[in-house]
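In what follows, a single structure is set out as structure tokens and then discussed.
Throughout, protein chains are lettered first and strands after them, A, B, ... in sequence-line order, and every chain is numbered starting at 1.
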Number of protein chains: 4
Amino acid sequence: MQFASGQSIYLQISDYISEKILRGDWVEGDRIPSIRETAVSVEVNPNTVTRAYAVLQDEGILQNQRGVGYFVAAGGREAAAALKRREFEEDELPRVFRTMRLLGMSLAELEHLYERYVTEEESERHD
Amino acid sequence: MQFASGQSIYLQISDYISEKILRGDWVEGDRIPSIRETAVSVEVNPNTVTRAYAVLQDEGILQNQRGVGYFVAAGGREAAAALKRREFEEDELPRVFRTMRLLGMSLAELEHLYERYVTEEESERHD
Amino acid sequence: MQFASGQSIYLQISDYISEKILRGDWVEGDRIPSIRETAVSVEVNPNTVTRAYAVLQDEGILQNQRGVGYFVAAGGREAAAALKRREFEEDELPRVFRTMRLLGMSLAELEHLYERYVTEEESERHD
Amino acid sequence: MQFASGQSIYLQISDYISEKILRGDWVEGDRIPSIRETAVSVEVNPNTVTRAYAVLQDEGILQNQRGVGYFVAAGGREAAAALKRREFEEDELPRVFRTMRLLGMSLAELEHLYERYVTEEESERHD
DNA sequence: GTGGTCTAGACCACC
DNA sequence: GTGGTCTAGACCACA
């Protein structure tokens with residue numbers, strides 16, 4: 001895992017876990033890697049992972065059993081989707097639309113960029 | 001002016017100035033409010049405004065005449081537009097498109113949200 | 001059995017057993033379920049149940065006959081009652097009274113809540 | 001400040017702050033001691049105080065200004081009161097009433113204990 | 001000066 | 001083994 005600057009590592013980790021659950025890699029009731037395992041695999045301090053997991057537990061995405069581990073909570077996927085959608089629609093999209101107006105970018109142009117993005121994604125998948 | 005958490009205040013201020021110029025509120029050669037005036041009006045430490053103006057000067061959007069004040073630079077509007085567009089296309093849009101895929105949101109749905117945004121904007125303007 | 005977070009599971013189990021004895025579900029000399037049986041029924045590691053039983057044995061509530069099982073000790077019910085009362089009066093009530101003052105809650109209001117609690121209990125019993 | 005065992009220090013600190021606000025020692029908009037100041041005064045590591053403040057910020061009791069400090073949030077006192085009352089009525093009181101029934105303790109007896117508590121408090125105040 | 005984050009390392013209770 | 005907490009110390013961005 002590569003960390004971008006500009007966002008804290010623990011948030012990048014919680015996003016990463018959250019997206020795994022969104023994609024269905026881990027489903028309700030699955031035990032996810034322990035704090036220590038994740039710490040080793042992403043090469044950060046266990047404390048940092050603890051913080052990432054705590055965020056997800058607060059959001060109702062993870063659940064933990066003392067001395068056992070962390071699990072995808074009941075309704076965890078829905079919680080993750082709801083959270084991501086809410087952040088997207090309430091924070092990101094308004095900013096995007098506002099910028100479009102400022103730049104005088106039309107919806108058609110946005111669609112064009114979207115299609116370009118999709119094709120680029122496709123080609124990367126073939127690497 | 002309201003400050004969102006999560007982004008530094010000086011960047012929020014420089015964005016605010018930059019958008020004023022993009023909208024044409026201030027045009028090439030206009031003197032913009034002094035650091036002190038802005039500091040008072042947005043209720044912030046003058047150091048913070050200084051930093052915001054410095055960013056804009058670096059980008060070629062503002063120009064400083066010592067002892068006189070800050071002015072919209074020659075080509076300032078174009079510089080602001082270019083900067084905003086670059087940030088938008090390189091940073092924000094890829095993130096947006098990625099999230100759309102993750103949420104399974106179609107381009108049609110995005111257009112729908114865009115239209116809703118536009119109508120909301122319209123109605124707010126009538127307040 | 002549902003486990004609340006915030007208190008260790010073994011203590012929740014020992015409370016649960018203790019209350020069974022207080023209510024008279026199990027009386028002096030009764031053999032209570034084996035560690036394994038309880039472990040299965042409450043879906044917990046046998047080690048955890050062992051610890052819970054050990055606590056109760058320490059308090060003189062249970063008695064162990066090696067190879068046979070655990071029994072409600074002579075005077076077990078009284079021991080359980082004394083323990084619970086002590087914990088209640090020394091730990092819980094002072095905290096409760098303190099919070100009442102902090103919230104400005106009167107004794108009358110407390111009585112009101114008590115009556116509501118009792119009626120709710122009644123109605124649940126009819127389910 | 002003395003810390004009891006059984007509850008984590010950071011929660012004891014957040015309770016302490018919360019009660020200060022409930023009592024009106026600090027009111028809306030007041031700046032509370034910085035993380036470092038509190039860390040010194042209660043003799044714990046700044047990280048621990050950070051965690052306590054973060055809890056209160058999550059609850060809407062505190063609010064922070066980057067680089068300036070923590071403040072009692074708008075509606076902070078109400079948030080603190082609501083939180084405490086909710087925890088009290090939903091968690092603590094049901095447990096109390098349940099124990100009363102188990103011990104066969106009457107409301108009259110509880111009142112008696114309450115009066116004793118109040119008089120003890122009074123006499124302590126005269127020390 | 002402020003808060004925010006991260007690391008390293010320790011100890012604990014618990015399962 | 002698991003997670004939870006705490007410390008010490010560091011570095012950073014920010015006001």
Side-chain angles (χ1 to χ4, degrees), chain A residues 3 5-13 31-39 42-55 57 62-71, chain B residues 3 5-14 35 39 42-52 54-55, chain C residues 3 5-14 35 39 42-52 54-55, chain D residues 3 5-13 31-39 42-55 57 62-71:
Chain A
F3 296 108
S5 63
Q7 198 188 18
S8 37
I9 294 180
Y10 78 94
L11 286 177
Q12 294 183 55
I13 295 175
R31 180 175 176 281
I32 71 167
S34 77
I35 288 179
R36 286 163 169 97
E37 283 167 355
T38 300
V42 304
E43 294 179 299
V44 299
N45 189 286
N47 287 333
T48 306
V49 180
T50 300
R51 202 167 172 186
Y53 282 21
V55 169
Q57 191 174 20
L62 294 185
Q63 191 176 11
N64 89 357
Q65 267 181 265
R66 311 177 54 137
V68 182
Y70 277 85
F71 298 79
Chain B
F3 295 106
S5 59
Q7 199 188 14
S8 41
I9 292 180
Y10 81 94
L11 285 178
Q12 293 181 55
I13 294 174
S14 63
I35 287 179
V42 304
E43 293 178 300
V44 128
N45 191 301
N47 289 333
T48 307
V49 180
T50 304
R51 202 162 172 183
V55 168
Chain C
F3 295 107
S5 59
Q7 199 188 14
S8 42
I9 292 181
Y10 81 95
L11 286 177
Q12 294 183 55
I13 295 174
S14 63
I35 286 179
V42 303
E43 292 179 303
V44 128
N45 191 299
N47 289 333
T48 308
V49 180
T50 303
R51 200 162 173 185
V55 168
Chain D
F3 296 108
S5 63
Q7 199 189 15
S8 37
I9 293 178
Y10 78 94
L11 286 178
Q12 294 182 54
I13 295 175
R31 180 172 175 280
I32 70 167
S34 78
I35 287 178
R36 286 161 169 102
E37 283 166 356
T38 299
V42 303
E43 296 179 298
V44 298
N45 189 286
N47 286 333
T48 306
V49 180
T50 300
R51 203 167 171 185
Y53 282 20
V55 168
Q57 191 174 19
L62 295 184
Q63 191 176 10
N64 90 358
Q65 265 182 266
R66 308 177 56 141
V68 181
Y70 277 86
F71 298 80

To the nearest angstrom, how far is [X] atom [atom1] from [N] atom [atom2]?
X     : N      : atom1 : atom2 : value
D/I35 : F/dC14 : CD1   : P     : 17 Å
D/R66 : F/dC12 : CZ    : C1'   : 11 Å
D/N64 : F/dA15 : CG    : C1'   : 12 Å

* Taking the side chain as every heavy atom from C-beta outward, state whether D/N64 and D/Y53 have any atom pair closer than 4.5 Å. =>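 In short, these two side chains do not touch, never coming nearer than 4.5 Å.
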* **D/V49 side chain near D/P46 side chain, heavy-atom distance below 4.5 Å** =>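 They are not in contact (no side-chain heavy atoms under 4.5 Å apart), so the answer is no.
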So what does [X] hit on the nucleic acid, given a heavy-atom distance under 4.0 Å: a base, only sugar-phosphate, or nothing?
X     : value
A/R51 : sugar-phosphate
A/Y53 : nothing
B/V44 : nothing

Expected output: side-chain [X] to main-chain [Y] donor-acceptor under 3.5 Å:
X     : Y     : result
A/Q12 : A/Q7  : yes
A/R31 : A/V68 : yes
D/T38 : D/I35 : no
D/Q65 : D/Y70 : no

* **Start and end of chain D contact along DNA chain E [non-hydrogen atoms, under 4.0 Å]** =>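 Footprint of chain D along DNA chain E, 5' to 3': E/dG1 to E/dC6.
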* **Pairwise 5' ranking along DNA chain E for C/Q7 and D/R31, keeping only the more 5' one** =>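 That would be D/R31.
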* To do: With DNA chain E as reference, determine whether A/S8 or C/N45 sits nearer its 5' end, using the nearest nucleotide of each.
  =>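 Final value for this comparison: A/S8.
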What heavy-atom pair brings [X] and [Y] nearest, and what distance separates the two atoms?
X     : Y     : result
A/F3  : A/V42 : CE1-O, 3.6 Å
D/Y10 : D/T48 : CB-O, 3.6 Å
B/A52 : B/S14 : O-CB, 3.7 Å

* Stems involving DNA chain F: give each as a range paired with a range, ordered by first number, where a stem means at least three consecutive Watson-Crick or G-U wobble pairs under 3.5 Å. =>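 Only these stems qualify: E:1-14 with F:1-14.
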* Asked: Between B/Y10 and D/T48, which has a closest nucleotide on DNA chain F that is more 5'?
  ->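 Going by which nucleotide is closer to the 5' end, it is D/T48.
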* Starting at the 5' end of DNA chain F, which residue's closest nucleotide do you reach first, D/I9 or B/L11? ->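 The residue mapped nearer the 5' terminus is D/I9.
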